[in-house]
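Inspection log for the structure reproduced underneath, given as structure tokens.
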Amino acid sequence: METRRINIPLFLLAGFIFGVKTYIVYRFIFQIEIDNFMQELIILLNPFITSIVFFGISIWIQNPLKQNAFIRYSALIGTIIIYFNLLFYRSFTDFITIPQLFQTSNLSDLSTSIISLIKIYDILLFVDVLIIWYLCKKLKDSGIKVYTKRNKILALVIFLLMLSGNFLLAEMERPQLLSRGFDREYLVKNIGIFYFHVYDIVVQSKMRSQRVLADDNDLITIKKYLKDEVRSDQRSNLYGIGKEKNIIFISAESVQSFVINNELNGEEITPFLNSLVHDKDTFYFENFYHQTAQGKTSDSEFLTENSLYPLPGGAVFFTHAQNEYHAMPEILKENNYESVVFHANTNSFWNRNQMYNSLNIDQFYDKDFYDVSEDNEIGWGLKDKEFFIQTLPYLRDLDQPFYAKLITITNHFPFELDEGDRTIEPYDSNSNTLNNYFPTVRYMDEAIEQFFIQLKAAGLYEDSIIIIMGDHDGISANHNKAMAEFLDKEEITPYDYLQLQRVPFFIHIPGYGEGEVMSKISGQIDIKPTVLHLLGIDTEHDIYFGNDLFHDDRKGFIVQRNGNFISEEYLYTNNTCYDRESGDVIGVDSEGKEDGTPCTPFKAAVQQELEYSDQIIYGDLFRFIDFEAK
Ligand code: GP9
Ligand code: MN
């Protein structure tokens, strides 16, 4: 009887075999966290889609011998790429990026330890390559075909559908993954290691070309603008009152000002923070706006450390981590401070491991410094109360004076909390997000209160200035309906929405005694000069866009990354100029017509300021300045 042989195309066979290997590596060799079914599905599908599509390119190669060679060498090179990443991962728990590859310290670290990183069983990674090479030889007649034009088009359509399917699932699982590019592990998890490298190459080359075109002449106009318009070096009479004190900076996740001095079901939401508002040792800024964009927490860090604006798209922590900066930690170092960050998350999140080097942060106490277990974590990681408890011993061991930033996490979307940690009932509306926000905000309030007690007990309190800042909003416009209900408004207008971008900002100076509630407009851009001046550190030759908040002669507007702005009298959003206090509409800019409202005179300056800040970052202009020589 005649047996019919089924001729599976070689690219499919090879794609399947290589896909199995890649899946095993992603799932079981890299320690990629899988949080839900969707992620499980993506990480399963992606290796097969990627390898079948890649080996499938052979369809367009006419010569069968070359087709065969393409498949063989693709398998080999693909495996080498995976293997290099694996070696790098064993050393840095991170995936290779171009800047990391060219960072000489990384390479020398790797070369000295390479022998210890190689494991004998790594040879198994190459087993599929051997199988593919064998099959290529064995099936060189039956598995390789010359494809008709019709089949080529069909293959193209199928491949594009497969790829779009993968990217669509990734987009559903993590909206704006590629535009925000916030975490390498997420990128690899969603689009696989190969597309991640392509993505990295595209992003990095774009950045590098902008950098090449810049020169130091660009700085002359920027310096003039800062001197004339921003008057950024002006000091207040609080200059130096905190000389040589430690700075303990709490980055309070997602907390917005509307919860401060507000109630839910007759109960205060944030009793401790409320008590600070009128505390005599505290300045509370009630009109303080976050200015972050897609980089979220990392953008708030960027603003705080540099007093430069984050970028309109993507996360500057990710795209420009190799730039020269003149950040607060660097300036503090010149004044004998040690700078550290505490955050119980993986060190590559938001590319902190790279960016913190550029910002001159001496030590990052990341997740590995904490004891995180099933019992003490919730949502995005270690619970805040536990985080503060475990941070304290490290803090106590630091040489003083220090600048320590503590980044909390429990009050992060989707605002999960164990029943036992809940001390205020959720709100009751159609938005679960807003409902659950209140218990996690309250939890954070209690965690901070407890931390103050711990600082006192550890003897750190008296010698420190404690700053608390909401990093960015937690409740997006998607929940406007529920938010309007909570705030007892008919709707959330664009004016209300911009006002909701206010986040709490406290400067607590133990023993100061003359604190007050500050109503002037302020923002994250102002933190660097304010803090440095409190410590009595001169900023005359520095370049930044904020103002000392205790000085009255300031530039007079706070701008959001999308061009919306707030002045002492007006607020501009959605092409509309509002009275800041009352929220009344003063005038609307019609299309193409830009004049006529009291907001108009600010618009050019606002755009100019954002552009100058972007120019510094895109052109990496600080590489032309020797700040210390001044
Ligand atoms: C993660 C933390 C929270 O490390 O910074 O990230 P977010 O989503 O708020 O930027
Ligand atoms: Mn955040």
Side-chain angles (χ1 to χ4, degrees), residues 33 35 93-94 173-187 189-190 249-257 259 288-305 310-311 313-319 321 340-356 359 361 364-370 372 377-384 386-388 391 404-416 433 436-437 440-441 443-444 447-448 467-476 478 500-505 524 527 561:
E33 264 178 56
D35 301 323
T93 334
D94 200 352
E173 164 33 37
R174 273 280 136 167
Q176 301 179 315
L177 178 72
L178 295 186
S179 57
R180 296 178 63 199
F182 49 88
D183 182 35
R184 278 184 280 284
E185 188 176 299
Y186 264 110
L187 281 163
K189 183 153 65 177
N190 282 285
F249 188 102
I250 302 173
S251 173
E253 179 59 45
S254 299
V255 63
Q256 291 170 240
S257 300
V259 296
F288 181 92
Y289 295 80
H290 84 81
Q291 294 166 292
T292 65
Q294 289 181 320
K296 307 267 303 251
T297 311
S298 72
D299 278 358
S300 80
E301 294 187 62
F302 187 78
L303 277 147
T304 305
E305 309 297 7
L311 297 179
V316 58
F317 258 46
F318 211 95
T319 56
V340 296
V341 177
F342 297 96
H343 182 44
N345 201 343
T346 39
N347 69 6
S348 64
F349 204 96
W350 285 128
N351 198 27
R352 287 186 172 102
N353 53 356
Q354 286 189 36
M355 187 54 149
Y356 282 179
L359 298 178
I361 287 164
F364 177 18
Y365 293 83
D366 65 2
K367 195 176 186 179
D368 291 343
F369 287 80
Y370 291 86
V372 187
E377 72 172 335
I378 183 83
W380 277 53
L382 188 60
K383 295 177 182 178
D384 290 345
E386 190 63 29
F387 166 66
F388 285 122
T391 300
K405 177 162 65 184
L406 286 74
I407 306 176
T408 66
I409 195 78
T410 310
N411 187 43
H412 193 287
F413 177 83
F415 312 111
E416 287 174 65
T433 301
N436 293 330
Y437 182 63
T440 53
V441 168
Y443 175 85
M444 178 163 69
I448 296 175
I467 299 176
I468 305 166
M469 176 199 75
D471 62 348
H472 49 76
D473 58 322
I475 307 295
S476 71
N478 293 337
L500 280 167
Q501 304 314 305
R502 284 177 294 182
V503 292
F505 185 61
Q524 290 167 329
I527 295 175
R561 203 40 263 204

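In each ligand, atom 1 is the first atom listed, and ligand 1 is the first ligand listed.
Checking Thr292 against Asp299 by side-chain atom types alone, no donor-acceptor pair falls below 3.5 Å. Residues Gln524 and His290 have side chains that never bring a donor and an acceptor to within less than 3.5 angstrom of each other.
Below 3.5 Å of separation, one finds an N or O of His343 facing an N or O of ligand 1. Residue Trp380 has no N or O atom closer than 3.5 Å to an N or O atom of ligand 1.
With distances taken over non-hydrogen atoms, the option nearest atom 8 (O) of ligand 1 out of His412, His472, Lys296 is His412.
When each atom of ligand 1 is checked for a heavy atom of Glu253 under 4.0 Å away, the hits are 3 (C), 9 (O).
Considering only non-hydrogen protein atoms, atom 3 (C) of ligand 1 sits nearest to Thr297 OG1, 3.4 Å. Among all non-hydrogen protein atoms, the one lying nearest atom 5 (O) of ligand 1 is Arg352 NH2, 2.8 Å.
Heavy atoms of Ile409 come nearer than 4.0 angstrom to ligand 1 in at least one pair.
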For this session: Verify side chain to side chain donor-acceptor pair (under 3.5 Å) between Glu301 and Tyr356, making sure each step is shown before the conclusion.
Result: CA-CA 10 Å; Glu301 294 187 62; Tyr356 282 179; 2.5 Å; yes
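Using modelled atom types, one side-chain atom of Asn351 and one backbone atom of Phe317 make a donor-acceptor pair closer than 3.5 Å.
Using bins of under 30°, 30° to 60° and over 60° for the plane-to-plane angle, the ring pair Tyr365/Phe342 lands in the parallel bin. In this structure, Phe349 and Trp380 have perpendicular ring planes: the angle between them is above 60°, well past the 30° mark. Aromatic ring orientation, Phe288 versus Phe505: parallel (interplanar angle below 30°, classes split at 30° and 60°).
In summary, an N, O or S atom of His472 is located under 2.8 Å from the Mn ion (ligand 2). Residue contact annotation: Ser254 places no N/O/S atom under 2.8 Å from the Mn ion (ligand 2).
Take the N/O/S atoms of Asp471: the one nearest the Mn ion (ligand 2) is OD2.
With a 6.0 Å cutoff to the six-membered ring centre and a 45° limit on the axis angle, Lys189 counts as a cation-pi contact of Tyr186.
The proximity of Trp350 to ligand 1, defined as any non-hydrogen pair under 4.0 Å, is limited to the side chain. Only side-chain heavy atoms of Asn345 come within less than 4.0 Å of ligand 1; its backbone N, CA, C and O stay farther off.
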